[in-house]
There are 2 protein chains.
Amino acid sequence: MGLRESKKLAAWRAIRTAALELFEERGFEAVSVEEIAAAANVSPRTFFNYFASKEAVVFDQDPEQREHWRALMADRPADEPLWDSLTAILVGFNQLLGDRIPLQRRLKDRSPALAQSSWEVVGEQFLADLREWTTSRTPEGDPMPAALKLNVALAAQNTAYQTWGPDEPFDGYLERLKCCLRQAGAGTASTPSSASNS
Amino acid sequence: MGLRESKKLAAWRAIRTAALELFEERGFEAVSVEEIAAAANVSPRTFFNYFASKEAVVFDQDPEQREHWRALMADRPADEPLWDSLTAILVGFNQLLGDRIPLQRRLKDRSPALAQSSWEVVGEQFLADLREWTTSRTPEGDPMPAALKLNVALAAQNTAYQTWGPDEPFDGYLERLKCCLRQAGAGTASTPSSASNS
DNA sequence: CAGAATTTTGCAGCGCCTGCAAACATGCAG
DNA sequence: CTGCATGTTTGCAGGCGCTGCAAAATTCTG
């Protein structure tokens, strides 16, 4: 792998774990980038070589995880209905994140700044990849139906996330997610939708 | 109305129109709060008495408009299916905003900072009111189905917004919005959903 | 081990945003 | 009109997020 790359990954993780510990301890707003950098033994300037913003350190995913969710996407059979694929990918992704979701939720609940902070639920890179994957599945015609399904699936995820009490176990969230996806997908059924073809 | 209130509204509007003109002319990032304040004949400090952030000046709605969309909500008959109500409210709201949506879109397209900036499509106050209205329509049991419908409706709106080319006329956006709402609502039908109980 | 490529760091600085207290404007009662 | 209470604007001082830049330190290549 090379010393350079491994050091880089190590630094990334050092910064993130340091930051998350501090955030959990004192809240997002009460911790400055300077402190995070100090706790991770890097210069404040270096923090921004790794994360585009203070928020990003909460939402960005470990670079190694990217391979995992790309596999999730790649593994969907080409003839599977789009909605089923999206469901499988989202559930898989949320399982992949696991205990990071509750942590993130705890931080969000305590920090107005974080709560308002775009990032639908988790991951900016994941979302970009998912959008790309989705459009790659829409060979011809207007992309609206596919984009709609994607956004509806994300809406289901949001709903699960929002209605999930912070006390409930993580499994409860996953259950809820599946439930929301099922309900939201009722009409978006696998059929090409008799009225949608050009 | 009182001198005080009218002056306040006037200041609000002066700031906003000054800001939007400058933004449109030179882009969101290239205009500082200081300049906006100067153009509106207020002190920079006063800007923040009216808007919580530089972004807010793009997304906040005129206080008077609030009455209008509250009327939209109040006007929905109590026995109307939730989805139909949501559709009517969202379409009405988007009509209400009218040409402000294209403007906002233009700014977003030019400014990465704005694009990332949470605010699903438009309005923070509107979203809060709509959420409240929606939960007020969910008397008993878990609020998940209602919340889901709301989020799905917003997803439809997002889709219309995203897939709407900036060149297309505004009416094209409205058409698209209705179309997305119809498609997304296919399964969310008015029935209480036979499979929803635990 | 020398030189190329890359990463870290310090520095200087802009701009957003906030709390605070003094000036200022408005509404109201006498 | 006058004086007081209430609400609004302003200046000041300052923290903090974030950026560009160029020097120092580190890793890679031959």
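Keep in mind that this is a model prediction, so the values were computed, not measured. A note on names: the letters A, B, ... follow the listed sequences, proteins ahead of strands, and every chain is numbered from 1.
In this entry the distance linking NZ of Lys8(B) with P of dT10(D) reads 13 Å, nearest Å. Spacing between atom CG of Asn49(A) and atom C1' of dC18(D) amounts to 12 Å, rounded to whole angstrom units. Atom-to-atom, CD1 of Ile36(A) to C1' of dC18(D) comes out at 13 Å; the value is rounded to the nearest Å. Rounded to an integer number of Å, the gap from Phe48(A) CZ to dC18(D) P is 5 Å. Following rounding to the nearest Å, Gln116(B) (CD) and dG17(D) (P) show an atom-to-atom distance of 19 Å. Lys54(B) places its NZ atom 14 Å from the P atom of dC18(D), with the value rounded to the nearest Å. Atom CD in Glu29(A) sits roughly 14 Å away from atom C1' in dG15(D) (whole-Å rounding). In this entry the distance linking CZ of Arg4(A) with C1' of dC28(D) reads 6 Å, nearest Å.
Contact check for Leu97(A) versus Gln65(A): side-chain heavy atoms found under the 4.5 Å cut-off. Counting heavy atoms from C-beta on, the side chains of Ser85(A) and Trp133(A) come closer than 4.5 Å.
Note: Trp69(B) and Phe93(B) have perpendicular aromatic rings, judged against thresholds of 30 and 60 degrees for the angle between ring planes. In this structure, Tyr173(B) and Trp164(B) have tilted ring planes: the angle between them lies in the 30° to 60° band.
Scanning for side chain to side chain donor-acceptor pair (under 3.5 Å) contacts around Asn41(A) gives an empty result, with sequence neighbours left out.
Mapped onto DNA chain C by nearest heavy atom, Val33(B) and Leu3(B) fall at different nucleotides, with Val33(B) at the one closer to the 5' end. Comparing Val42(A) and Lys7(B) by the nucleotide of DNA chain C that holds the closest heavy atom to each, the one mapping nearer the 5' end is Val42(A).
When Arg16(A), Arg100(A), His68(A) are each tested for a side-chain hydrogen bond (donor to acceptor under 3.5 Å, both in side chains) with Gln61(A), only one passes: Arg100(A).
Nucleotides of DNA chain C with any atom under 4.0 Å from a heavy atom of chain B span, from 5' to 3', dC16(C) to dG27(C).
Note on Phe51(A): nothing from the nucleic acid sits closer than 4.0 angstrom, heavy atoms only. Using a 4.0 Å heavy-atom distance criterion, Phe47(B) is classed as making no nucleic acid contact.
The number of heavy-atom neighbours closer than 6.0 Å to CD of Glu132(B), taken from other residues, nucleotides and ligands shown, is 12 or below.
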